[in-house]
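Right, one structure below, let's go through it.
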Amino acid sequence: MDIDLPEVVAEVTAAFNRYETALMTNDIAVLDDTFRADPRTIRYGTTEILYGHDEIAAYRAARSPAGLARTTSKTVITTYGRDYAVASTLFHRDTMPGKIGRQMQTWVRFSDGWRVVAAHVSVINETDVWKRP
């Protein structure tokens, strides 16, 4: 299996960046389009447990658009073959001092493009992050 083929990494990176822009601008159409329209698509968020595209879309439509700005760091996108990838990133918000967010997404290429099929978002205290002794 080919890992991190440059052209595939570039495709997933573009899809990931499109999602990030949509997240910060609350572009509901792009956010909904990013996640696979399937009842098996799952998103565990900081305050929500969403099963299926319908629940994910309903959450996006109902949430407040305030305070969505964030910066990301340590983003790692790893591709496996031409149709599967994992994107992991840390995020920071001015509205969450002393906290660090973590996001992981499983991306799959379908006939209509790259889509997230599973995502997990969590937030922890920066002081609780394990550091090498």
Side-chain angles (χ1 to χ4, degrees):
M1 172 178 292
D2 293 317
I3 297 176
D4 288 342
L5 292 166
E7 65 274 17
V8 180
V9 172
E11 291 172 9
V12 178
T13 299
F16 176 86
N17 290 337
R18 177 178 179 252
Y19 173 79
E20 279 298 310
T21 299
L23 187 63
M24 289 189 287
T25 60
N26 202 37
D27 186 333
I28 302 294
V30 171
L31 293 172
D32 287 348
D33 185 56
T34 299
F35 281 74
R36 172 95 169 140
D38 189 289
R40 295 166 292 194
T41 300
I42 296 174
R43 182 181 181 277
Y44 295 151
T46 57
T47 61
E48 65 279 358
I49 300 170
L50 307 171
Y51 283 84
H53 189 271
D54 291 347
E55 283 188 11
I56 296 167
Y59 166 76
R60 295 280 191 211
R63 78 177 178 153
S64 169
L68 298 176
R70 70 186 199 171
T71 58
T72 58
S73 66
K74 295 193 173 186
T75 301
V76 176
I77 295 174
T78 306
T79 64
Y80 302 90
R82 296 190 169 278
D83 301 316
Y84 184 86
V86 175
S88 307
T89 196
L90 300 179
F91 65 89
H92 317 271
R93 288 195 164 114
D94 291 341
T95 58
M96 302 183 331
K99 305 274 188 186
I100 188 163
R102 304 169 299 178
Q103 173 183 297
M104 292 189 79
Q105 299 168 325
T106 302
W107 291 79
V108 177
R109 181 200 310 266
F110 293 92
S111 61
D112 60 346
W114 285 98
R115 299 292 181 265
V116 173
V117 297
H120 190 124
V121 181
S122 61
V123 176
I124 60 173
N125 293 321
E126 285 188 280
T127 56
D128 292 339
V129 175
W130 180 87
K131 293 185 176 47
R132 185 180 305 211

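Every heavy atom of this structure was used, including side-chain atoms; hydrogens, water molecules and symmetry mates were not.
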_Euclidean distance, E20 CD relative to R70 CZ, rounded to 0.5 Å_ = 4.0 Å
_Closest non-hydrogen atom pair between M24 and L68, with its separation_ = CG-O, 3.7 Å
*Who else is in L90's hydrophobic cluster (ILVMFWY, side-chain heavy atoms under 4.5 Å, direct or via others)?*
I100, I124, V129
*Return the minimal non-hydrogen interatomic distance between T79 and L5, and the atom names on each side.*
OG1-N, 3.6 Å
*Over all atoms of both residues, closest heavy-atom pair of F91 and R102*: CE2-N, 3.5 Å
_Rounded at 0.5 Å granularity, tell me how far CG in L31 sits from CD1 in I56._
11.0 Å
*asked:* Quick check against the 3.5 Å criterion: does D33 have a side-chain atom that pairs as donor or acceptor with the backbone of A29?
replied: no
_Step-by-step salt bridge (Lys or Arg N to Asp or Glu O under 4.0 Å) determination, E55 to R43_ = CA-CA 9 Å; E55 283 188 11; R43 182 181 181 277; over 6 Å; no
*Output the distance between atom OG1 (T46) and atom CE (M96), rounded to the nearest 0.5 Å.*
8.0 Å
*Can you get from F35 to I42 by hopping between Ile, Leu, Val, Met, Phe, Trp and Tyr side chains that sit under 4.5 Å apart?*
no
*asked:* What verdict does the side-chain contact (heavy atoms from CB on, under 4.5 Å) test give for F110 and V117, after you've listed the backbone C-alpha separation in whole Å, the side-chain angles of each residue and the deciding distance to 0.1 Å?
replied: CA-CA 11 Å; F110 293 92; V117 297; 3.9 Å; yes
*Are V76 and F16 linked, directly or through other ILVMFWY residues, by side chains that come within less than 4.5 angstrom of each other?*
no
*Identify whether the distance between the nearest side-chain nitrogen and carboxylate oxygen of E7 and R82 falls below 4.0 Å.*
yes
*Shared ILVMFWY cluster between V9 and M1, side chains joined below 4.5 angstrom?*
no
_Partners meeting side-chain contact (heavy atoms from CB on, under 4.5 Å) with V30 (sequence neighbours left out)_ = R18, A22, D27, T34
*Would you say the side-chain atoms of H53 pair up with the backbone N or O of D32, donor to acceptor, closer than 3.5 Å?*
yes
*State, to 0.1 Å, how close A87 and I77 come at their nearest heavy-atom pair, and which atoms those are.*
CB-CG1, 4.0 Å
*Please list, chain by chain and in numerical order, all residues satisfying side chain to side chain donor-acceptor pair (under 3.5 Å) with D38, sequence neighbours excluded.*
R40
*How many angstroms lie between atom OH of Y80 and atom OG1 of T78, to the nearest 0.5 angstrom?*
4.5 Å
*Closest non-hydrogen atom pair, G67 against T95*: O-OG1, 4.2 Å
_side-chain contact (heavy atoms from CB on, under 4.5 Å) assessment of Q103 paired with T72_ = CA-CA 10 Å; Q103 173 183 297; T72 58; over 6 Å; no
_salt bridge (charged side-chain N to carboxylate O under 4.0 Å, His left out) against D112, all qualifying residues, sequence neighbours excluded_ = R115
*Step by step, work out the side-chain contact (heavy atoms from CB on, under 4.5 Å) result for L50 and Y44.*
CA-CA 6 Å; L50 307 171; Y44 295 151; over 6 Å; no
*So which heavy atom on V86 is nearest to which on M104, and how close?*
CG1-CE, 3.9 Å
*Check side chain to side chain donor-acceptor pair (under 3.5 Å) between E11 and all other residues, then give those that pass, not counting sequence neighbours.*
R109, W114
*Could you walk me through whether V121 and E48 pass side-chain contact (heavy atoms from CB on, under 4.5 Å), step by step?*
CA-CA 9 Å; V121 181; E48 65 279 358; 5.9 Å; no
*Between T41 (side chain) and A37 (backbone), is there a donor-acceptor pair under 3.5 Å?*
no
*asked:* Could you check whether atom CD1 of I49 has more than 12 heavy atoms from other residues, nucleotides or ligands sitting under 6.0 Å from it?
replied: no
*asked:* Once ring-ring contact (aromatic ring centres under 6.0 Å, His included) is applied, do any residues pair with H92, and if so which ones, sequence neighbours excluded?
replied: none
_Straight-line distance of K74 NZ to T89 OG1, nearest 0.5 Å_ = 11.0 Å
